There are 2 protein chains.
Amino acid sequence: MKTADPELMRAINRFHVMDAIRRFGPVSRVEISQLTELSATTVSAITAALLDDRLIIPLQVGAVRDAGRGRPRVMLKLNPGAAHVVGVKLAPDQISVGVTNFCADVLRSLALPVRIDRQTASVIADLVEDGVRRCVSDAGLDIADISGVCVGLPGVVERAAGVCRQSPILQERDVPFGDDLTHRLGVPASIDSDVNLVTLAEHWFGQTRDLNDFLVVNVERSLGLGILHNGELFRGANGLSPDLGDLMVRPPGGGDARLADVASEASVLIEAEALMRDREPDGAPQTGRAMTLLLQRAAGGDKRCARVLAAAGEALGFAVANLITLFAPPKVIISGRAMATSEYFIEPLRKTVAHLLPPSLADVSDIIVREWSDGNWLQGAAAMTLRDLYGAPWGTTGPAPIREALAPQIGES
Amino acid sequence: MKTADPELMRAINRFHVMDAIRRFGPVSRVEISQLTELSATTVSAITAALLDDRLIIPLQVGAVRDAGRGRPRVMLKLNPGAAHVVGVKLAPDQISVGVTNFCADVLRSLALPVRIDRQTASVIADLVEDGVRRCVSDAGLDIADISGVCVGLPGVVERAAGVCRQSPILQERDVPFGDDLTHRLGVPASIDSDVNLVTLAEHWFGQTRDLNDFLVVNVERSLGLGILHNGELFRGANGLSPDLGDLMVRPPGGGDARLADVASEASVLIEAEALMRDREPDGAPQTGRAMTLLLQRAAGGDKRCARVLAAAGEALGFAVANLITLFAPPKVIISGRAMATSEYFIEPLRKTVAHLLPPSLADVSDIIVREWSDGNWLQGAAAMTLRDLYGAPWGTTGPAPIREALAPQIGES
DNA sequence: AGATTTTATCCGCATCGCGGACAAAAAGAA
DNA sequence: TTCTTTTTGTCCGCGATGCGGATAAAATCT
């Protein structure tokens, strides 16, 4: 545990200042002072240090004339060139790589259309390494200029350990991508669940910037869940993010089912396969194509196809209702490429949630649908890495753990 | 938001010292220094201030001879008389009141056998006020000696506002017990969910003292859920603790059901009523009695009675499995007076959880059964109040909220 | 050009935590 | 008994921090 010393004090306040500058764009020292409730003196000292470290820069050009008299404010903003980070997203059929600057602007990105779910972890690491090196050099940078790399992938990830416990796109389990890439690239590399990255991106850059609590449910081939709670990503006691697909949607009496087996695109397609095949006899089409077809048919009035989508929506709605009961988030964001944006899926979900929620929680949560671009994922990866560079000192002052060496002696006496 | 200033530093470190003294009993300054990783100087200064405030006292008597030479350690402990607090537990058929000292030892307690579920909130407040005053005077104290009062009751409670949103033992909703009692007694009064109190008690005094994460599921007339996550009581975004009874246990396809309607003692008794009546024609017996009877019959080999209990256990197991998936707590504590301790209920619950959990989480959680005494609840209420007196300064340094007055101007520019 | 107003910085003060020197208090050794 | 050794607790000085008030800076208004 870290003790509370002047250094921690400064770290906390410096983070608040950085956070204010990041969130409120070019901003003057007085405004920072008001936002953070720090004294003008302290803000001045901290910004001086930040300027000295080249983490922030004054917005030159007489620029903003702020229509009052008095000494003009000097607007401060993040220095885009202060650091560069790389974000990587692993999806079943694609590896996306992007280089961003200190403001999380994507400078250069790269997409490798690879069906990685049939590759070994070692091959995937090779591909990621190549992609990162290429993307960095395309951006006119050297690998030594990169401050950090963050990889997002679906599945259960233990960020602290840098290990992917299990993923639908990896055959192996407990893959130590973090250390592996760190060694390969000579740059600190971390991994996290893809949904966590996009959740953080939403919190830093999205329309829910001002919310400290929301859920992100990602519906693609597999299901992902990101929880922002009290302004922090929620993780279970073991440091793992909860896996939405592992939630159960049926009681023992009715035969149990994992949500992933009922409401993911993969499961829906299996369900719909028979329906599709009997009208399109040339075998089961490819994933992306099949979902498009299913949605088209539902839109065209095919009741059975619509029913398949509705069933998935209702199952997910059931789980979402329970999550709302637990977390009471003001917003729930449903995202995904194909199915998640279909009314035939979303409306049953909405209805189910409304129907299942207790009256007291009926109005707390807005359910909104949003589609992410690759840029969002990369910004999330950037945010995850930049968070460390900003020096967020949280979780360091928790209650003292029992120190094994000492506890026995003391506990007994 | 509180800024990080020297005062906060001191508050944090003082809390760590207090926490170490509380947790490790009589303990010397050197040991505190090792436990908290604070320097000996700082510990000395802080303990001096605490001694000055009479919050701690040296354990006099040459007492502990610690079998080494050198200056003997001065053992420090909490000063039991530093403060007194009152805990109140509202149950359907009883009001329990207890006075504890600064160490959360119960000095005097009092039980009023009242069926409060048929009284108005106003009458209940009358009874609580009388009970508190009586208990305080019985303990040889004056009401002015009391530093705080905490009331625990089943249902949905918004602690921060001091309001009980909804409770099975109150007809009214949004009852402002906190302010009401504060005015009546002239002492700061707070309320919280009863399970939260016992969860905190378990964390402070129970066998899970060293765990920062666990769940407490309380099964009595109604269902309660307490979550300790990262060493803190978990609350939803609105400050409410999640209500276990509002969780859903069936997917829309199979017809939905609130957990409270399937797995609480109240619901089980309704379910079993027919079974009981047809062999004991003198009408439905009283609640406590009926459950005893049901358990006896199940133990006696009555398959149908056992089945009713098993169904409840399985339904709760379903919910617990999902909670484990989310929170991954090393321990899950099932508590309650009657049903919760029956093998006919617990075994199906255990089996269901084991069956539903994904393999990766199969071994993370121990499910244990524990029965609380009234003392536990009262200690929880005491802990909840004492926490404030200890001056825990957490949650005060979160990211800066958007200040309404300022945000618009800044956000747009 | 001078007064006014707003912004940013400088100076002095109080508090804090820490390291090292020092005092205190016991047991063991002479 | 007296001196040494060992461990514990306290005191002093240092550096860092945040803050309030005075001061400088830089613009507009008169």
Side-chain angles (χ1 to χ4, degrees), chain A residues 1-17 21 26-52 56 58-76 391 393 396-397 409, chain B residues 1-17 21 26-52 56 58-76 391 393 396-397 409:
Chain A
M1 181 199 48
K2 180 85 182 58
T3 63
D5 51 10
E7 193 182 332
L8 177 69
M9 238 164 68
R10 191 48 167 262
I12 292 174
N13 289 335
R14 187 171 44 213
F15 177 82
H16 284 155
V17 171
I21 296 174
V27 69
S28 70
R29 291 178 174 81
V30 260
E31 288 166 311
I32 296 172
S33 176
Q34 292 164 351
L35 286 165
T36 60
E37 299 181 24
L38 291 166
S39 75
T41 304
T42 303
V43 172
S44 201
I46 291 176
T47 52
L50 294 174
L51 283 165
D52 203 54
I56 62 174
L59 182 64
Q60 63 266 58
V61 63
V64 227
R65 286 278 11 89
D66 39 355
R69 56 185 180 178
R71 177 174 173 174
R73 307 176 163 183
V74 177
M75 303 308 256
L76 303 171
T396 54
T397 58
Q409 312 163 16
Chain B
M1 182 200 47
K2 180 85 180 61
T3 63
D5 52 9
E7 192 182 333
L8 177 69
M9 238 165 68
R10 189 51 161 243
I12 292 174
N13 288 335
R14 186 172 46 212
F15 177 81
H16 284 155
V17 171
I21 297 174
V27 68
S28 70
R29 291 178 174 81
V30 257
E31 288 166 310
I32 296 173
S33 175
Q34 292 164 350
L35 285 165
T36 60
E37 299 181 23
L38 291 166
S39 75
T41 304
T42 303
V43 171
S44 200
I46 291 176
T47 52
L50 293 175
L51 283 164
D52 204 53
I56 62 174
L59 182 64
Q60 62 267 58
V61 62
V64 226
R65 287 277 13 88
D66 39 356
R69 56 184 179 177
R71 177 175 174 173
R73 305 176 165 185
V74 176
M75 304 307 258
L76 302 171
T396 54
T397 58
Q409 312 163 15

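Letters A, B, ... are given to chains in the order of the sequence lines, protein chains preceding strands, and every chain is numbered from 1. In this text the structure is predicted, and so the values were computed from the model without any measurement.
The interatomic distance linking Leu76(B) (CG) with dG9(D) (P) rounds to 8 Å, in whole Å. Leu8(B) places its CG atom 13 Å from the C1' atom of dT17(D), with the value rounded to the nearest Å. Put simply, CG on Asn13(B) is 9 Å from C1' on dC16(C), counting in whole angstrom units. Following rounding to the nearest Å, Glu37(A) (CD) and dC19(D) (P) show an atom-to-atom distance of 10 Å. As rounded to whole Å, 13 Å separates atom P of dT8(D) from atom CD1 of Ile32(B). Arg71(B) places its CZ atom 6 Å from the P atom of dA25(C), with the value rounded to the nearest Å. In this structure, CZ of Arg29(B) is placed 14 Å from C1' of dC11(D), rounded to the nearest angstrom. Rounded to whole Å, the distance from CD1 on Ile12(A) to P on dA16(D) is 19 Å.
For Pro6(B), whose side chain is taken as the heavy atoms from C-beta onward, the closest listed nucleotide among dC18(C), dT9(C), dT17(D) is dT17(D). For Arg69(B), whose side chain is taken as the heavy atoms from C-beta onward, the closest listed nucleotide among dC19(D), dT6(D), dT17(D) is dT6(D). With dG18(D), dG17(C), dT10(D) as the choices, the nucleotide that has an atom nearest any side-chain atom of Met9(A) turns out to be dG18(D).
Mapping Asp5(A) and Val74(A) onto DNA chain C via the closest heavy atom, the residue that lands nearer the 5' end is Val74(A).
Counting heavy atoms from C-beta outward, Ile21(A) and Ile32(A) have side chains that approach closer than 4.5 Å.
OP1 or OP2 of dG17(C) lies within a sub-4.0 Å distance of a side-chain N or O belonging to Arg10(B). The side chain of Ser39(A) contributes no N or O atom lying less than 4.0 Å from OP1 or OP2 of dG18(D). The side chain of Thr3(A) contributes an N or O atom lying less than 4.0 Å from OP1 or OP2 of dC18(C). Phosphate proximity of dG12(C) to Thr41(A): absent, as no side-chain N or O sits under 4.0 Å from OP1 or OP2. Considering only side-chain N and O atoms, Arg73(B) lies under 4.0 angstrom from the phosphate OP1 or OP2 of dT8(D).
Put simply, the side chain of Ser28(B) never gets that close to the backbone of Met75(B): no donor and acceptor are under 3.5 Å apart.
Going from atom CG of Asn13(B) over to atom CD of Glu37(B) covers 11.5 Å, rounded to the nearest 0.5 Å. Note: Met9(A) CE to Glu7(B) CD = 11.0 Å, rounded to the nearest 0.5 Å.
Partner of Arg29(A) under the side-chain contact (heavy atoms from CB on, under 4.5 Å) criterion, chosen from Val17(A), Ile46(A), Val43(A): Val43(A).
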